Number of protein chains: 2
Amino acid sequence: MLIGEYEHSLDVKGRLIMPAKLRESIGENFIITKGLDGCLFGFSKIEWERFEEKLKSLPLTNKNARDFVRFFLSGAVECEIDKQGRFLIASNLREYASMEKEVVIIGVGTRIEFWSKDKWLKYNSDENMSANEIAENMTMLGI
Amino acid sequence: MLIGEYEHSLDVKGRLIMPAKLRESIGENFIITKGLDGCLFGFSKIEWERFEEKLKSLPLTNKNARDFVRFFLSGAVECEIDKQGRFLIASNLREYASMEKEVVIIGVGTRIEFWSKDKWLKYNSDENMSANEIAENMTMLGI
DNA sequence: ATGTTCATATTCACCAATAAGCATTTTATG
DNA sequence: CATAAAATGCTTATTGGTGAATATGAACAT
């Protein structure tokens, strides 16, 4: 299970450290693709296959579904973590996520998300997550 | 059952003593996450796994669900209590809860809460919590 | 009171993870 | 080919996490 929040920075070549605590779960080779809300998604190979299966099952006849599938598949790149724990983020993905230097990496259960620090801070300061809303959801889930 | 109020202080590296009386119930490894009202939550592994199962079942396509899952999973860290009864609180969590030195630790049944002393005092002095008000609410809940 | 034990606080030293800069190899292109 | 650009690899310094040692203080028994 992928959890936690980490902050690292891109080097001049666009490489990023994979936090040591996530390395084992994500695997040496993993898939990175455009994500929702302006971040990038990272999936272990297993999780990616599961995700692909879901995409495959969507009806080709539905325009929304076609868009959804194109979005994720066209953006997908396989990454390899090097001996020093780094991997290269393709430039189109860096651009998509507005990444320049500082990157926030979060574990979200079945996937990793990569955020430009700016976007992450903005996301968290928005009323996305009012305490009341969280509390309501917690009650619903019986915590 | 986790009960009681304790006060301890962070060392220079951000480690905190787990009160001896709570150690057995919370376990040697436990999960700490962002909580409500500016505190941190601590869950035993059992409690946490129950919660994780629920989070996993939420749909990726729903923005509310994504926000909720992100909040708890990105804010979660597994902690290990060392031989001296201490554990490290990740720096992003210390920051979230405005912890500098003095920390108040309270048992709240199924979880532990960690408060910066300042916030705890403020929380208790606010009209949040007059004994009368609590009593009224108890009546409402049929206690 | 006095000594004993246990819990907590504090400090230090060591080690692993990361950041950054530079060097080398590979690939693409004219 | 020759050259530039990109990718990959290596080295070093720094930071932060971890464990050990010691000090302090409270609780308890004698």
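In what follows, chains are A, B, ... by sequence order, proteins preceding strands, each numbered from 1. Not measured: the values here are computed from a predicted model.
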* Structure fact -> So CG of B:Leu93 and CD of A:Glu5: to nearest 0.5 Å the spacing works out to 8.0 Å

* Asked: Hey, does the side chain of A:Lys83 come within less than 4.0 Å of D:dG9's phosphate (OP1/OP2), counting only N and O?
  -> no

* Closest nucleotide of DNA chain D for A:Arg86 versus for B:Ser91: which of these residues is on the 5' side? -> A:Arg86

* Where the side chain of B:Lys13 is concerned, which of D:dG9, C:dT10, D:dG16 is the nearest nucleotide? -> D:dG16

* Asked: Starting at CG of B:Asp11 and ending at P of D:dG19, how long is that distance when rounded to a whole Å?
  -> 13 Å

* Asked: Any donor-acceptor pair under 3.5 Å joining the side chain of A:Arg15 to the base of D:dG9?
  -> yes

* Pair B:Lys45 + B:Glu78: basic N to acidic O under 4.0 Å -> yes

* Using a strict cut-off of less than 4.0 Å between a Lys/Arg side-chain nitrogen and an Asp/Glu carboxylate oxygen, indicate whether A:Glu7 and A:Lys117 qualify as a salt bridge. => yes

* Nearest-Å distance, CZ (B:Arg23) to C1' (C:dT8)? -> 9 Å

* Asked: What about A:Phe43 and A:Phe30, are their ring centers closer than 6.0 Å?
  -> no

* Asked: Closer to the 5' end of DNA chain C via nearest nucleotide, is it B:Val12 or B:Tyr6?
  -> B:Tyr6

* **Distance, rounded to the nearest Å, where A:Leu88 contributes CG and D:dT8 contributes C1'** => 10 Å

* Counting side-chain heavy atoms from CB outward, which of C:dT10, C:dT18, D:dC10 is closest to A:Pro19? -> C:dT18

* Rounded interatomic separation in angstrom, taking CG from B:Leu16 and P from C:dA7 -> 16 Å

* Does A:Ser9 make a side-chain N or O approach to OP1 or OP2 of C:dT18 shorter than 4.0 Å? -> no

* In whole Å, what is the span from the CG atom of A:Asp82 to the C1' atom of D:dT8? -> 8 Å

* Asked: In whole angstrom, what separates B:Ile17's CD1 from D:dG25's P?
  -> 15 Å

* Does the side chain of A:Lys101 get closer than 4.0 angstrom to OP1 or OP2 of C:dA20 through an N or O atom? -> yes

* Between B:Lys21 (NZ) and D:dA26 (P), how many Å, whole number? -> 15 Å

* Asked: In whole Å, what is the span from the CD atom of A:Glu28 to the P atom of D:dT8?
  -> 13 Å

* Structure fact -> Closest of D:dA21, C:dA13, C:dT18 to the B:Gln84 side chain is D:dA21

* Considering the options B:Glu100, B:Arg86, B:Glu102, B:Arg94, which one meets the side chain to side chain contact (heavy atoms under 4.5 Å, CB included) requirement together with B:Leu10? -> B:Arg94

